[in-house]
Chemist: 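Below is the structure I would like to discuss, written out as structure tokens.
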Number of protein chains: 2
Amino acid sequence: MELNIRKKKILEVIIRDYINTAEPVGSRTLSKRCNLGISPATIRNEMADLEELGFLVQPHTSSGRIPTQQAYRYYVDEIMEIQKLEKMIRTDIHRGFLDHNTELGPTMSHTAQVLSQLTNYTAVVLAPRVTNFNCKHVQIVSLIKNRVLMVVVTQEGMAKNIEVTLSQEVDTMLALKLSNVINGFLKNTILSEMSSDLIDQIQELSPAESKLIHEIIPHLKKALMEDASEVHSTGLTNLFNYPEFSDVNKIKQLINIVQEKQVLSEMMTSKDGNQVIRIKIGSENDNENLKDFSIITSTYELDGEMMGAFGVIGPTRMNYDNVSSVLNYIRNELNLHISNLLMK
Amino acid sequence: MELNIRKKKILEVIIRDYINTAEPVGSRTLSKRCNLGISPATIRNEMADLEELGFLVQPHTSSGRIPTQQAYRYYVDEIMEIQKLEKMIRTDIHRGFLDHNTELGPTMSHTAQVLSQLTNYTAVVLAPRVTNFNCKHVQIVSLIKNRVLMVVVTQEGMAKNIEVTLSQEVDTMLALKLSNVINGFLKNTILSEMSSDLIDQIQELSPAESKLIHEIIPHLKKALMEDASEVHSTGLTNLFNYPEFSDVNKIKQLINIVQEKQVLSEMMTSKDGNQVIRIKIGSENDNENLKDFSIITSTYELDGEMMGAFGVIGPTRMNYDNVSSVLNYIRNELNLHISNLLMK
DNA sequence: TATTAGCACTCACAATAATCGAGTGCTAAC
DNA sequence: GTTAGCACTCGATTATTGTGAGTGCTAATA
């Protein structure tokens, strides 16, 4: 859908204004704000056209107009240009990361913190995942009697704990031996290909030990399949200040979103073209609870491999420009620091 | 403060009624509800007395009366008796725990789930802590280059991860050796007593290894000092249904409480006499955000040693009877299952 | 033909007034 | 000591009225 230049300009001003004020925009106000030198009457005609085209609606006759989701989509696709962040803010962010890049956990929470602070919306950050594919090393630690902890270490140097109860008691020595067996195996192939048959071929195992390995492997596989990557969220209460969230039900929806970590995680890591910054507006979201929100996400990488995701949840009346700029810069920072952190 | 029997009865009925309805209680309604065969006028006189004594207030002249915090305190101390839960509910809870007692984490989240479901308030559960004192075993796992993971295992068979970056690269073999040194030490004493001098006395270490141990020990001590016990919370949105929480600011307070895990954890584990069920009403709470809430907590033990805590946050107009009964029973269940889980 | 001034009309919102009713305190009788 | 009766209070609800920012339409204008 192509709009003529004037319509485009008018739409832009309306959207910008509504994003700032949350108030329906009328022709008179608009005439002052946009310096096209056209009268309210003309603007009224244009607005009527834009309404017919589906870009605007009136909350009630005789009020100003507000943008539809279609308008936001048009704005994001055709009008908005992602600006570079101000130099000062950039250096601020950069310094902040330098102060928090000692460990993975703190880096993640710091990212969430910065995101919510800079955007004034709710931030969500997904920590890197530990999966079947990047599992490099497994250390089995005896906990007590027949309970053991399996520590899975990835190629990138992340770790994940898996606790299980086995059929037999495992002491420190046995735990060490079991670890060695599994790690010997991991030298040649990935975990998901470790089948029952392959286990039986391992020579050095007593029947009891073999039985234990047979118990352990499925547990490992299962735990690594589950997308249990940590989700950090901050600034939940930021949204409370916006007029559209004075309704308790909206807040309930928001809390439900943030608590359904599984869903959130899947949504943020699913591919969507080759977009670096991914914008989902209102009902473009599959999740029912997100129908009244917009969510802008991005991902961070290590060696070209997607490690995790992060983003911002806000009203559909979101400051798409600013959030996009912020995400864009944070993405670079995160890529930089994660690689420093994990590969150094 | 002692009240005569009639006053006590009247106060009780008012509190019960207000807890149910959240509406100020008037003399007429009351006269019907409590079967003492006294007229509204008499009740009015008694209510005037109770107001003078500080147990009741009127939101405005010519409305019914509502209980003060002092009234709730009196109710909790002098009137309420903790009932045994219904047989059916008890067996339900018990079965639920049997289905979820395979691992510690799930048991904790399940507890939170049950609590919030049975009470309709917000539930908080503190997982057992790993500290200097119960630390039995430390396993050092090489992550990547000079980053290692220290897995601390307690006497009770719980584990905690601590990630650190050291000054030198540590490979698998070295990690094993360092683990052995520390564990050899832990056989005789507790971690907090491992001083610099003692480290220097260990014979089998090369200078480089000694240096690493010198780095590791403070990290361990520090991490175990921090009260970083996991906090599970559920049923945040339960409170939204109560009329006193239609105000967004109240909700903000609640969210702040639940997010300040450190504070919550300290508050719940601090001793308070020998009370099994601890009730804090409104401003009895030190935390500013909790001034408008009541919180009822309890603890669970293993071998007489406090392991963790759990509780419920709700309006001061809370159903103290029911919550106390539930906590009481959950406490027993938790004691039972935790000991099964950790010691079996 | 596109633009604009003018005008009658609409309708949410705020302010004001009227009504209602559950509740009170007080007094006098039981 | 208890209670019936009564005048009174005051928040909540509903009705009424303005107000003003906005509209669409029409006719004049460039």
Side-chain angles (χ1 to χ4, degrees), chain A residues 3-11 13-18 20-68 71 243-244 246-247 317, chain B residues 3-11 13-18 20-68 71 243-244 246-247 317:
Chain A
L3 298 178
N4 69 43
I5 295 186
R6 193 169 69 183
K7 280 205 175 56
K8 199 166 165 180
K9 182 71 189 164
I10 289 175
L11 186 58
V13 179
I14 293 176
I15 293 177
R16 288 253 167 80
D17 196 72
Y18 186 67
N20 277 329
T21 64
E23 297 286 323
V25 189
S27 56
R28 189 138 32 201
T29 336
L30 196 52
S31 146
K32 286 172 206 153
R33 203 147 324 196
C34 89
N35 299 321
L36 288 176
I38 42 178
S39 75
T42 313
I43 293 177
R44 277 206 284 284
N45 289 331
E46 296 284 33
M47 282 168 100
D49 289 352
L50 284 168
E51 177 159 2
E52 208 169 339
L53 291 168
F55 290 103
L56 299 176
V57 282
Q58 291 179 281
H60 47 267
T61 352
S62 88
S63 82
R65 282 160 166 108
I66 62 175
T68 59
E244 45 265 81
S246 52
D247 176 20
R317 175 184 73 86
Chain B
L3 299 178
N4 68 44
I5 294 186
R6 194 168 69 183
K7 280 204 175 55
K8 199 166 165 179
K9 182 70 187 165
I10 289 175
L11 186 58
V13 178
I14 293 176
I15 293 177
R16 288 253 167 79
D17 196 71
Y18 186 68
N20 277 330
T21 64
E23 296 286 324
V25 189
S27 55
R28 190 140 30 203
T29 336
L30 195 54
S31 145
K32 285 172 206 153
R33 202 147 323 196
C34 88
N35 299 320
L36 288 176
I38 42 179
S39 77
T42 313
I43 292 178
R44 277 206 283 285
N45 289 331
E46 296 284 33
M47 281 168 101
D49 289 351
L50 284 169
E51 178 160 359
E52 209 170 339
L53 290 169
F55 290 103
L56 298 176
V57 283
Q58 290 180 284
H60 44 268
T61 353
S62 88
S63 84
R65 282 161 166 108
I66 62 175
T68 59
E244 45 266 81
S246 53
D247 175 21
R317 176 183 73 84

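Reckoned from all heavy atoms, side chains included, excluding hydrogens, waters and symmetry mates. In what follows, every chain begins at residue 1, and chains take the letters A, B, ... in the order their sequences are listed.
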Chemist: Between atom OH in B/Tyr18 and atom P in C/dG23, what is the gap in whole Å?
Modeler: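 Between P of C/dG23 and OH of B/Tyr18: 14 Å.
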
Chemist: Could you give the CE-to-P distance, from A/Met47 to D/dA21, as a whole number of Å?
Modeler: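 The distance from CE of A/Met47 to P of D/dA21 comes to 16 Å, rounded to the nearest Å.
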
Chemist: Once you round it to whole Å, what is the distance between C1' of C/dG21 and CD of B/Glu23?
Modeler: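 My rounded result for the distance is 14 Å.
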
Chemist: For B/Arg317, what residues pass the side-chain hydrogen bond (donor to acceptor under 3.5 Å, both in side chains) criterion, not counting sequence neighbours?
Modeler: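 Expected list: B/Glu244.
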
Chemist: In this structure, how many angstroms lie between the C1' atom of C/dA22 and the CG atom of B/Leu30, rounded?
Modeler: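 Distance check: B/Leu30 CG to C/dA22 C1' gives 14 Å.
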
Chemist: At less than 4.0 Å, is any side-chain N or O atom of A/Arg65 found next to OP1 or OP2 of D/dG24? Yes or no.
Modeler: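 Yes.
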
Chemist: In whole Å, what is the span from the CD1 atom of A/Ile43 to the P atom of D/dA21?
Modeler: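 Atom-to-atom, A/Ile43 to D/dA21, this comes out as 17 Å.
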
Chemist: Do the side-chain N or O atoms of B/Ser27 get closer than 4.0 angstrom to the phosphate oxygens (OP1, OP2) of C/dT24?
Modeler: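 Yes, within the criterion.
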
Chemist: Quick one: what's the B/S/- string for nucleotides 2-14 of chain D, heavy-atom cutoff under 4.0 Å, read 5' to 3'?
Modeler: SBBB---BBS---

Chemist: Only distances under 3.5 Å count here; give the side-chain donor-acceptor pairs of residues 55-64 of chain B to other protein atoms, sequence neighbours excluded, each with its distance to 0.1 Å.
Modeler:
{"residue": "B/Gln58", "atom": "NE2", "partner": "B/Ser63", "partner atom": "O", "Å": "3.2"}
{"residue": "B/Ser63", "atom": "OG", "partner": "B/His60", "partner atom": "O", "Å": "3.1"}

Chemist: More than 12 foreign heavy atoms under 6.0 Å from NZ of A/Lys7: is that the case here?
Modeler: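 Atom NZ in A/Lys7 is packed in, count exceeds 12.
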
Chemist: Round to the nearest Å and state the distance from A/Glu52 atom CD to D/dG24 atom C1'.
Modeler: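 Rounded to the whole Å, the gap is 14 Å.
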
Chemist: If the condition is side-chain hydrogen bond (donor to acceptor under 3.5 Å, both in side chains), which residues does B/Thr42 pass it with, not counting sequence neighbours?
Modeler: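 Partners of B/Thr42 by the side-chain hydrogen bond (donor to acceptor under 3.5 Å, both in side chains) criterion, ordered by chain and then number, come out as B/Ser39.
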
Chemist: Whole angstrom is fine here: how far is it from CD1 in A/Ile66 over to P in C/dA12?
Modeler: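 Taking atom P of C/dA12 as the reference, CD1 of A/Ile66 is at 14 Å.
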
Chemist: Run the side chain to side chain contact (heavy atoms under 4.5 Å, CB included) test against A/Asp247 and tell me which residues pass, sequence neighbours left out.
Modeler: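 With sequence neighbours excluded, A/Asp247 shows a side chain to side chain contact (heavy atoms under 4.5 Å, CB included) to A/Asn249, A/Lys250, given in chain and number order.
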
Chemist: What integer distance in Å separates A/Glu51:CD from D/dT23:P?
Modeler: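 Answer to the nearest Å: 10 Å.
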
Chemist: Applying side-chain hydrogen bond (donor to acceptor under 3.5 Å, both in side chains), name anything that partners B/Glu23, two or more places apart in sequence or on another chain.
Modeler: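 With sequence neighbours excluded, B/Glu23 shows a side-chain hydrogen bond (donor to acceptor under 3.5 Å, both in side chains) to no residue whatsoever.
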
